[in-house]
Amino acid sequence: MRAYKVFTIKDGTVIDHIPVGMAIQLIRLLKLIESNCVVTMGANFKSKKRGGKDIIKIENKELTPEEVNQVALLAPKATINIIRDYKIAKKFQVEIPEVFEDTAKCPNPKCITNMDPKNAKFIPVEEGKDMRLKCHYCEKLFKPEELNEYID
Ligand SMILES: [Zn+2]
C-alpha cells in the first residue's frame with residue numbers, strides 16, 4: 001500500500017473534502033493565484049466517505065470568515081484546517097450561509113443580474129444529499145459546478 005501523500009505546510013490553510021474537480025474552480029473563486037500565496041492542489045485523493053476528493057493547501061494565509069463562506073458555495077461539505085507551526089490550530093466544517101452574495105454570476109444569460117453581476121444572489125436549497133443554488137432574481141436552480149464565473 002502506498003502512503004497517503006501529504007505535503008506539509010508550516011503555516012496556512014488546508015481545505016479538505018472538496019468534491020472532485022472543484023479545487024480548480026475554488027482557486028479561481030478565492031482568487032488564490034492573484035493572492036501571491038503558494039498554493040498546492042491535489043485532485044482525486046481517495047476518500048472513504050465519498051470515493052474521491054480534492055484538497056487545496058495555501059501557505060501563509062488563513063482564510064477569513066468571508067472566504068470560508070465562499071468555499072461553501074462550491075464545496076458545502078469542505079473542512080477547513082488552519083495550520084500554525086505545522087500543527088492543526090483549528091479545524092471546522094464550512095457552514096452554508098442563508099444567502100451567497102457578491103460571489104458568482106448567474107449562469108442564466110437572460111437573468112437581469114447579467115446587467116450588473118454584483119447584484120447576483122443565490123439561495124442554497126437542499127436537493128437530496130446535494131446543494132443547489134437558486135438565483136434570487138430569475139429563480140433558476142444551479143449545481144455548484146455551474147457557477148463558474150466569479151465576481152472580482
Ligand atoms: Zn439569475
Side-chain angles (χ1 to χ4, degrees), residues 7 9 11-83 88-152:
F7 30 99
I9 59 173
D11 297 290
T13 306
V14 177
I15 311 173
D16 198 356
H17 298 107
I18 303 165
V20 167
M22 296 302 277
I24 293 174
Q25 270 182 243
L26 206 48
I27 287 171
R28 286 179 44 228
L29 173 71
L30 296 173
K31 299 177 179 61
L32 295 177
I33 305 298
E34 296 85 336
S35 74
N36 284 322
C37 296
V38 175
V39 178
T40 340
M41 191 204 98
N44 279 320
F45 281 87
K46 297 281 172 274
S47 158
K48 274 188 195 136
K49 266 190 243 163
R50 262 164 250 126
K53 63 176 182 178
D54 288 0
I55 296 174
I56 297 172
K57 300 202 177 190
I58 311 154
E59 288 183 38
N60 299 317
K61 176 182 167 65
E62 296 187 3
L63 290 189
T64 64
E66 292 75 29
E67 288 169 322
V68 172
N69 274 352
Q70 290 190 316
V71 170
L73 179 78
L74 300 180
K77 289 167 185 160
T79 310
I80 310 284
N81 297 273
I82 304 292
I83 312 292
I88 297 174
K90 271 192 255 174
K91 180 175 183 153
F92 54 94
Q93 255 204 288
V94 298
E95 274 178 51
I96 301 171
E98 275 173 37
V99 59
F100 289 100
E101 285 179 286
D102 210 11
T103 50
K105 279 191 192 177
C106 180
N108 172 11
K110 292 193 179 127
C111 183
I112 185 140
T113 61
N114 286 316
M115 309 278 275
D116 191 2
K118 276 205 179 296
N119 289 327
K121 277 189 205 177
F122 296 92
I123 318 294
V125 178
E126 258 181 72
E127 199 177 86
K129 275 187 284 174
D130 297 318
M131 180 183 74
R132 297 285 179 264
L133 297 149
K134 188 169 125 189
C135 173
H136 178 68
Y137 293 94
C138 68
E139 304 200 316
K140 280 194 182 297
L141 283 173
F142 301 99
K143 294 178 182 173
E145 58 266 38
E146 290 178 283
L147 302 185
N148 54 19
E149 276 194 76
Y150 308 114
I151 293 165
D152 296 330

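Keep in mind that this is a model prediction, so the values were computed, not measured. Both counts, for ligands and for their atoms, begin at 1 and track the order of listing.
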Trainee: Answer yes or no as to whether an N/O/S atom of His136 is found below 2.8 Å from the Zn ion (ligand 1).
Mentor: no

Trainee: Just to verify, which of Glu127, Glu146, Glu139, Glu145 counts as forming a salt bridge (charged side-chain N to carboxylate O under 4.0 Å, His left out) with Arg132?
Mentor: Glu127

Trainee: Would you check if Asp16 and Phe45 make a side-chain contact, meaning some heavy-atom pair closer than 4.5 Å?
Mentor: no

Trainee: Take the Zn ion (ligand 1) as the vertex and measure to SG of Cys135 and SG of Cys111; round to 10°.
Mentor: 110°

Trainee: Which pair of heavy atoms, one from Val71 and one from Leu30, lies closest together, and at what distance?
Mentor: CG2-CD1, 4.0 Å

Trainee: Give a yes or no on whether the backbone of Val38 and the side-chain of Lys57 come within a donor-acceptor separation of less than 3.5 Å.
Mentor: no

Trainee: Please note down the angle at the Zn ion (ligand 1) between SG of Cys106 and SG of Cys138, to the nearest 10°.
Mentor: 110°

